Amino acid sequence: MAAKPEGSVEEKLRALYDLQLIDSRVDEIKNVRGELPLEVEDLEDEVLGLKTRMDKLKSDVETINFEITAKKNLIEESKTLIKKYAEQQKNVRNSREFNSLSKEVEFQELEIQLAEKNIKEFKAQIDQKKEVISETKEVLSERDTHLKHKKSELDAILAETEKEESALLKKSEEFEAKIDDRLVKAYKRIRHNVKNGLAVVPIERGASGGSFFTIPPQVQVEIASRKKIITDEHSGRILVDPVLAEEEHDKMQKLFKKL
């Protein structure tokens with residue numbers, strides 16, 4: 001790996017602030033999208049869940065219809081057996097055989113009654129599941145429409161910002177490459193820990209940007225001299241003087257317009 005150029009402290013401060021401006025612009029783009037990507041993801045999961053539920057309900061109805069057909073076949077088989085036993089009763093030789101056949105007939109009649117009861121219960125289950133299918137279908141249609149609307153919103157935002165964000169991320173990598181690895185790590189750590197991701201801030205009205213804690217005049221002089229990297233003792237942010245900040249801000253605004 002090629003060694004990174006050392007550069008003066010001022011050059012490092014300018015590069016760090018430029019990196020901050022680039023990353024802040026990326027944050028702005030992400031804020032425009034807001035929670036929309038997560039909303040779309042949640043809706044996609046919900047729609048998938050509803051579709052899976054619909055498929056399961058339809059499969060259940062098919063299974064129950066199969067059971068109804070099996071019970072109807074059992075009824076026909078029992079009726080056939082009853083006729084068979086009735087014919088056999090006409091040719092019995094004694095009462096024992098007659099009673100035995102009568103018991104068989106009675107058993108088949110009970111089988112028919114049970115099967116008819118099962119069919120009635122199965123049909124009630126089908127009606128219930130069809131009602132749930134109808135309700136689920138309505139919810140699915142509503143959520144699917146909502147998903148398409150949210151996707152359309154997200155696609156529109158991405159179409160406007162994706163090119164710029166991609167270019168900015170590339171620029172961020174380029175600027176990182178110009179800065180000492182130790183400083184980049186410190187910058188990322190601070191950026192992760194502070195509000196709004198602002199790791200490098202200018203002095204504003206005698207205080208650290210975004211803070212109400214006043215910076216002593218002597219420290220302000222040291223910051224303005226750009227001889228060493230100074231951090232805010234309260235927030236840990238890297239501090240730059242207002243003049244440098246304004247110069248880099250103007251420079252980066254021109255860069256952003258080209259992207």
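Here the structure is a predicted model, which is why all the values come from computation and not from measurement.
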(request) Let me see the working for Asp27 and Arg191 under salt bridge (Lys or Arg N to Asp or Glu O under 4.0 Å), right down to the final yes or no. (result) CA-CA 11 Å; Asp27 291 343; Arg191 182 167 151 74; 2.9 Å; yes

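- Val32 and Ile29 are not part of a single hydrophobic cluster, where members link through side-chain heavy atoms under 4.5 Å apart.
- Using a 4.5 Å heavy-atom threshold, the side chains of Leu36 and Ile157 count as touching.
- Cluster annotation: Phe66 is not connected to Leu74 through the hydrophobic network of ILVMFWY side chains, with a link wherever side-chain heavy atoms come within less than 4.5 Å.
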(message) Please evaluate residues Lys56 and Asp60 with respect to the criterion salt bridge (Lys or Arg N to Asp or Glu O under 4.0 Å), reporting the C-alpha separation (whole Å), side-chain torsions for both, the decisive distance (0.1 Å), and the verdict.
(response) CA-CA 6 Å; Lys56 175 68 167 56; Asp60 288 346; 3.1 Å; yes

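- Salt bridge status for Glu87 with Lys84: absent, with no side-chain N to carboxylate O gap under 4.0 Å.
- Leu183 contributes atom CG, which lies 12.0 Å from atom OH of Tyr187 (distance to the nearest 0.5 angstrom).
- Ion pairing between Lys171 and Glu174 holds under the 4.0 Å rule for side-chain N and carboxylate O.
- Considering every non-hydrogen atom in both Arg237 and Gly209, the closest pair reads NH1-O, 4.0 Å.
- Side chain of Glu222 to backbone of Ile230: no donor-acceptor contact under 3.5 angstrom is found.
- For Asp241 against Ala224, the heavy-atom pair with the smallest separation is CB-CA, 3.9 Å.
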(message) Let's go through Lys51 and Leu140 carefully: what are the C-alpha distance in whole Å and the side-chain angles of both, what is the deciding distance for side-chain contact (heavy atoms from CB on, under 4.5 Å) to 0.1 Å, and is it a yes or a no?
(response) CA-CA 7 Å; Lys51 286 180 178 178; Leu140 175 58; 3.9 Å; yes

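- Salt-bridge annotation for Glu44 and Lys151: present, with a side-chain N of the basic residue lying under 4.0 Å from a carboxylate O of the acidic one.
- The side-chain heavy atoms of Leu154 and Glu39, taken from C-beta on, include no pair separated by under 4.5 Å.
- Formation of a donor-acceptor pair under 3.5 Å by the Ser100 side chain with backbone atoms of Arg96 is not found in this model.
- Considering every non-hydrogen atom in both Ala115 and Ile75, the closest pair reads CB-CG1, 3.6 Å.
- Placement of Val9 and Val243 in two distinct hydrophobic clusters is found when ILVMFWY residues are connected by side-chain heavy-atom separations under 4.5 Å, directly or transitively.
- Tested against Arg33 for a salt bridge (Lys or Arg N to Asp or Glu O under 4.0 Å), the candidates Glu165, Glu162, Glu153 yield a single pass: Glu165.
- The number of heavy atoms from other shown groups lying within 6.0 Å of NE2 (His249) does not exceed 12.
- A distance-only check finds no donor-acceptor pair linking the side chain of Gln108 to the backbone of Leu81 [under 3.5 Å].
- At distances below 3.5 Å, at least one donor-acceptor pair connects side-chain atoms of Thr145 with backbone N or O atoms of Ser141.
- Salt bridge Asp144/Lys148: present, at least one basic N to carboxylate O contact under 4.0 Å.
- With salt bridges taken as basic N to acidic carboxylate O contacts below 4.0 Å, one links Arg14 and Glu10.
- Atom CD of Glu35 is separated from atom CG of Leu38 by 5.0 Å, given to the nearest 0.5 angstrom.
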(request) Before giving the answer on side-chain contact (heavy atoms from CB on, under 4.5 Å), spell out for Ser208 and Ile215 the whole-Å C-alpha distance, their side-chain angles and the decisive distance to 0.1 Å. (result) CA-CA 7 Å; Ser208 167; Ile215 297 171; 4.2 Å; yes

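- Under 3.5 Å, the side chains of Asp232 and Ser235 contain a donor-acceptor pair of N or O atoms.
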(message) Let's go through Val200 and Leu19 carefully: what are the C-alpha distance in whole Å and the side-chain angles of both, what is the deciding distance for side-chain contact (heavy atoms from CB on, under 4.5 Å) to 0.1 Å, and is it a yes or a no?
(response) CA-CA 9 Å; Val200 187; Leu19 179 61; over 6 Å; no

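- For the pair Thr52 (side chain) and Leu48 (backbone), a donor-acceptor distance under 3.5 Å is present.
- Side-chain atoms of Glu142 and His146 include no donor-acceptor pair closer than 3.5 Å.
- Contact check for Ser102 versus Gln89: side-chain heavy atoms found under the 4.5 Å cut-off.
- Linking ILVMFWY side-chain heavy atoms closer than 4.5 Å, directly or via other members, places Leu158 and Val26 in two distinct hydrophobic clusters.
- By the 4.5 Å heavy-atom criterion applied to side chains, Ile68 and Asn118 are not counted as neighbours.
- Residue Leu114 is not grouped with residue Phe107 when hydrophobic side chains (ILVMFWY) are merged at heavy-atom distances under 4.5 angstrom, including chains of intermediate members.
- Rounding to the nearest 0.5 angstrom, the gap separating the NZ atom in Lys71 from the CD atom in Glu111 is 7.5 Å.
- Between Arg25 and Glu164 there is a salt bridge, with a side-chain nitrogen of the basic residue lying less than 4.0 Å from a carboxylate oxygen of the acidic one.
- Looking only at distances, a side-chain donor or acceptor of Asp180 sits under 3.5 Å from a matching main-chain atom of Arg182.
- One distance of note links CD of Glu121 with CD1 of Ile126; it measures 12.5 Å at 0.5 Å rounding.
- The pair Arg93-Glu97 meets the salt-bridge criterion, since a charged nitrogen lies less than 4.0 angstrom from a carboxylate oxygen.
- What you find for Phe175 and Ile22 is that their closest heavy atoms are CD1-CD1, 3.5 Å.
- Remark: the backbone N or O of Leu168 is not paired with any side-chain donor or acceptor of Ser172 at under 3.5 angstrom.
- Between the NZ atom in Lys188 and the CG atom in Asp23 there is a gap of 8.5 Å [rounded to 0.5 Å].
- Using a cut-off of 4.0 Å between Lys/Arg side-chain N and Asp/Glu carboxylate O, Arg143 and Asp45 are scored as not salt-bridged.
- Enclosure of atom NZ in Lys150 by more than 12 non-hydrogen atoms of other residues, nucleotides or ligands within 6.0 angstrom is indicated.
- Closest heavy-atom contact between Phe256 and Leu21: CZ-O, 3.7 Å.
- Note that CD1 of Ile190 and CD1 of Ile238 are 4.0 Å apart. Values are rounded to the nearest 0.5 Å.
- Residue Leu13 comes nearest to Lys228 through the heavy atom pair CD1-O, 4.5 Å, listed as atom of the first residue, atom of the second, then distance.
- Looking only at atom types and distance, the side chain of Ser78 has no donor-acceptor partner in the side chain of Glu109 under 3.5 Å away.
- Within the 4.5 Å cutoff, the side chain of Leu255 has heavy atoms near those of the Met252 side chain.
- Between the Glu104 side chain and the Asn99 main chain, no donor and acceptor come within less than 3.5 Å of each other.
- A salt bridge is defined here as a Lys NZ or Arg NE, NH1 or NH2 lying under 4.0 Å from an Asp or Glu carboxylate O, and Lys251 with Glu248 meets this definition.
- No side-chain heavy atom of Leu239 sits under 4.5 Å from any side-chain heavy atom of Pro202.
- Few gaps surround CD on Glu135; more than 12 heavy atoms of other groups in view lie less than 6.0 Å from it.
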